J.: 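Got a structure for you, written out below as structure tokens; questions coming shortly.
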2 protein chains.
Amino acid sequence: MPPIAVDIDLAPRLRLALTRLGRRLRQQSDGDVTATMLSALSSVDRLGPLTLGELAGAERVQPPTITRVAGRLEERGLVQREVDERDRRVTRVRLTGEGRRLLARSRRRKDAYIARRLRDLAPDDVAALERALPILERLVGDDLDSAGRGWGPRLRRGGGVGAPPGRTTQ
Amino acid sequence: MPPIAVDIDLAPRLRLALTRLGRRLRQQSDGDVTATMLSALSSVDRLGPLTLGELAGAERVQPPTITRVAGRLEERGLVQREVDERDRRVTRVRLTGEGRRLLARSRRRKDAYIARRLRDLAPDDVAALERALPILERLVGDDLDSAGRGWGPRLRRGGGVGAPPGRTTQ
DNA sequence: CCTAACTAATTAGCCGAGCGAACGATTCCC
DNA sequence: GGGAATCGTTCGCTCGGCTAATTAGTTAGG
């Protein structure tokens with residue numbers, strides 16, 4: 001067992017594996033709700049009603065992108081927009097019952113691609129994935145630190161938000 | 001140690017983390033060579049000269065997609081097309097020196113997004129990722145088994161292919 | 001009070017990357 | 001020889017990123 005000589009290829013291999021896996025995950029969408037929409041939806045669920053700017057920050061995406069996905073989510077009745085009274089420039093987006101339901105349903109889909117594949121794995125392997133998961137989440141995480149260019153200045157501003165009820169841990 | 005009660009949220013969390021990480025990886029492309037192109041390129045390197053159908057199979061993508069990316073790769077001189085003498089329907093795609101060089105260069109880029117983030121990780125965490133990597137690779141793997149719908153029928157056919165020299169383990 | 005500067009979201013338009021359907025060209029096989 | 005199958009391509013669609021520019025609203029100063 002020589003796990004010494006640290007894998008010098010870790011970064012590119014990880015990038016390749018994630019690129020490909022990500023591609024397939026993105027493809028098999030849940031009904032007509034795409035992975036991108038699901039991701040945004042789960043952020044709204046996790047963080048409570050968010051301004052679009054905050055959502056863009058959470059999703060690590062530029063504002064125009066979020067405007068569009070928010071539009072699609074609203075079309076399908078999964079979220080609702082509401083303008084801030086105090087500052088009518090900002091609009092918040094809030095989960096609807098339908099959105100919450102879809103999120104829950106999606107979480108329960110055991111027949112989802114990845115769950116199916118996971119069933120075929122040895123327990124050891126599943127354990128390894130569980131161990132790696134938080135690290136992956138941190139890699140993409142809200143922590144940002146180095147945060148590329150300018151959008152730390154994007155989070156928090158208007159009246160309090162603070163994770164209200166109805167979380168779901170998607 | 002109760003790793004019993006397996007993390008019921010593993011699948012969705014994994015999917016979410018991978019979706020997001022994959023998004024960011026796809027964005028920051030290497031020069032003007034996108035992640036998709038790099039992935040295809042590395043398949044050609046790993047598996048030797050491939051027919052476009054085989055490449056599509058390896059990349060888990062439909063033929064039209066591969067036609068286009070092969071075109072871009074050829075434009076940039078990273079691969080070259082060559083029609084099969086025996087069966088003039090098939091065209092193979094082969095790495096050029098330039099392609100091999102770019103692949104090597106790409107493998108050595110330490111300043112790439114993911115490598116940068118990896119540097120900030122505790123050794124334990126890096127180890128966990130290394131442990132998980134082969135499993136992720138297997139998840140996306142060529143193994144296919146369940147292989148969605150119809151394109152096992154796409155692999156192998158014409159004259160031998162069999163991994164010739166010049167691999168590089170990207 | 002009114003203008004200038006800033007900020008939030010949107011619009012407009014670009015491009016990459018998937019897909020399916022339809023189409024030549026070629027080969028296979030009866 | 002001729003119909004069926006196969007390979008690659010073309011066409012046209014959608015989605016999901018991006019920048020640049022616009023619109024609407026707020027705030028600060030003179």
Side-chain angles (χ1 to χ4, degrees), chain A residues 19-20 22-29 32-40 50-57 59-76 81-93 148-151 153-159, chain B residues 19-20 22-30 32-40 50-57 59-76 81-93 148-159:
Chain A
T19 296
R20 288 173 180 158
R23 179 193 300 159
R24 297 174 68 177
L25 290 179
R26 232 172 320 119
Q27 287 171 215
Q28 72 103 229
S29 51
D32 64 348
V33 178
T34 67
T36 297
M37 286 165 64
L38 217 46
S39 174
L50 291 175
T51 72
L52 291 184
E54 289 166 347
L55 184 52
E59 291 295 305
R60 289 296 193 277
V61 140
Q62 296 301 316
T65 303
I66 230 50
T67 288
R68 197 166 27 180
V69 53
R72 276 198 256 278
L73 289 174
E74 195 179 25
E75 269 179 13
R76 282 161 184 73
R81 270 185 173 83
E82 39 196 51
V83 291
D84 185 327
E85 285 309 318
R86 283 191 259 256
D87 184 343
R88 307 223 316 281
R89 288 173 303 181
V90 331
T91 71
R92 291 205 164 64
V93 79
R149 64 191 187 298
W151 51 305
R154 196 113 209 171
L155 271 180
R156 294 301 121 155
R157 179 189 180 271
Chain B
T19 296
R20 288 173 179 160
R23 179 194 300 159
R24 298 174 66 177
L25 290 179
R26 231 172 319 117
Q27 289 171 214
Q28 72 102 230
S29 51
D30 191 354
D32 64 346
V33 178
T34 66
T36 298
M37 286 165 64
L38 216 47
S39 174
L50 292 175
T51 72
L52 291 184
E54 289 166 348
L55 183 52
E59 290 295 305
R60 290 296 195 277
V61 140
Q62 296 301 318
T65 303
I66 229 51
T67 288
R68 198 168 25 178
V69 53
R72 274 198 257 278
L73 289 175
E74 195 179 25
E75 268 178 13
R76 281 161 184 73
R81 273 185 171 83
E82 39 197 50
V83 290
D84 185 327
E85 285 307 318
R86 283 191 260 258
D87 184 345
R88 308 222 316 280
R89 289 172 302 182
V90 332
T91 71
R92 291 205 164 64
V93 80
R149 63 189 189 298
W151 50 308
R154 198 116 210 172
L155 272 181
R156 297 300 121 157
R157 179 187 179 273

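Please read these numbers as outputs of a predicted model, since none were measured by experiment. Within every chain, numbering begins at 1; the chains are lettered A, B, ... in the order of the sequence lines, protein sequences first and strands thereafter.
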J.: Would you say A:R23 places a side-chain N or O within less than 4.0 Å of OP1 or OP2 belonging to C:dG18?
T.: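 Checking A:R23 against C:dG18: at least one side-chain N or O falls below 4.0 Å of OP1 or OP2.
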J.: Which one, C:dC19, C:dA9, D:dC15, comes nearest to the side chain of B:P64?
T.: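 That would be C:dC19.
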J.: When you measure from the side chain of A:R20 to the backbone N and O of B:S39, does any donor-acceptor pair fall under 3.5 Å?
T.: yes
J.: Looking only at the side chain of B:T36 (C-beta and beyond, no hydrogens), which of the listed nucleotides C:dA17, D:dG8, D:dT10 gets closest?
T.: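 Side chain of B:T36 sits closest to C:dA17.
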J.: In whole angstrom, what separates B:Q62's CD from D:dC13's P?
T.: 19 Å
J.: Given atom CD of A:E75 and atom P of D:dT14, what is their separation to the nearest angstrom?
T.: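 Those two atoms, CD and P, are 13 Å apart.
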J.: Does A:T65 or A:E85 map to a spot on DNA chain D nearer the 5' end, using the closest nucleotide for each?
T.: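 Per heavy-atom nearest nucleotide, the more 5' residue is A:T65.
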J.: Within the structure, does a side-chain N or O atom of A:R92 lie under 4.0 Å from either OP1 or OP2 of C:dA8?
T.: no
J.: Taking OP1 and OP2 of C:dA8, is either one under 4.0 Å from a side-chain nitrogen or oxygen of A:T51?
T.: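 A:T51 to C:dA8 OP1/OP2: no side-chain N or O under 4.0 Å.
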J.: Taking the nucleotide of DNA chain D with the closest heavy atom to each, which residue, B:T67 or A:M37, is nearer the 5' end?
T.: B:T67
J.: Please give me the minimum heavy-atom distance between B:V69 and B:A40, naming the atom from each residue.
T.: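 Between these two residues, the closest heavy atoms are CG2-CB, 4.3 Å.
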J.: Salt bridge (charged side-chain N to carboxylate O under 4.0 Å, His left out) with B:E74: which of B:R81, B:R68, B:R92?
T.: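 One option only clears the test, and that one is B:R81.
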J.: List the atom of B:D84, the atom of B:R86, and the distance in Å for their closest heavy-atom pair.
T.: OD1-N, 2.7 Å
J.: Output the single nucleotide from D:dC18, C:dT10, D:dG16 whose closest atom is nearest the side chain of A:R72.
T.: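 Per side-chain heavy atoms of A:R72, the pick is D:dG16.
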J.: Base of D:dT6, side chain of B:R89 - is there a donor-acceptor contact under 3.5 Å?
T.: yes
J.: Starting at CZ of B:R20 and ending at P of D:dG17, how long is that distance when rounded to a whole Å?
T.: 11 Å
J.: At what distance, to the nearest 0.5 angstrom, does CZ of A:R23 lie from OG1 of B:T65?
T.: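 OG1 of B:T65 is found 8.5 Å from CZ of A:R23.
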J.: For B:R68, report the nucleic acid contact type (base, sugar-phosphate, nothing); a contact means any heavy atom under 4.0 Å.
T.: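 Base: the residue B:R68, judged by heavy atoms under 4.0 Å, touches a nucleobase.
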J.: Can you measure A:E54 atom CD to C:dT7 atom P for me and round it to whole angstrom units?
T.: 16 Å
J.: Per the atom types in the model, does the base of C:dT26 pair as donor or acceptor with the side chain of B:R88 at under 3.5 Å?
T.: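 No such pair is found, so the answer is no.
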J.: Between D:dG25, C:dT27, C:dT10, spot the one nearest the side chain of A:D87, thanks.
T.: D:dG25
J.: Which whole-number value in Å describes the distance from A:L38 CG to D:dG16 P?
T.: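 Taking CG of A:L38 and P of D:dG16, I get 11 Å after rounding.
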J.: Which one, D:dT9, C:dA17, C:dT10, comes nearest to the side chain of B:T34?
T.: C:dA17
J.: Give the rounded distance in Å between these two atoms: CD of A:E82 and C1' of C:dA8.
T.: 16 Å
J.: So, are B:R76 and B:D32 salt-bridged, with charged N and O less than 4.0 Å apart?
T.: yes
J.: For B:E59 and C:dA17, what is the distance between atoms CD and P respectively, to the nearest whole Å?
T.: 11 Å
J.: Between the base of D:dG25 and the side chain of A:R86, is there any donor-acceptor pair under 3.5 Å?
T.: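 When only heavy-atom distances are counted, A:R86 does not reach the base of D:dG25 through any donor-acceptor pair under 3.5 Å.
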J.: Whole-Å distance between C:dT7 C1' and A:L52 CG?
T.: 14 Å
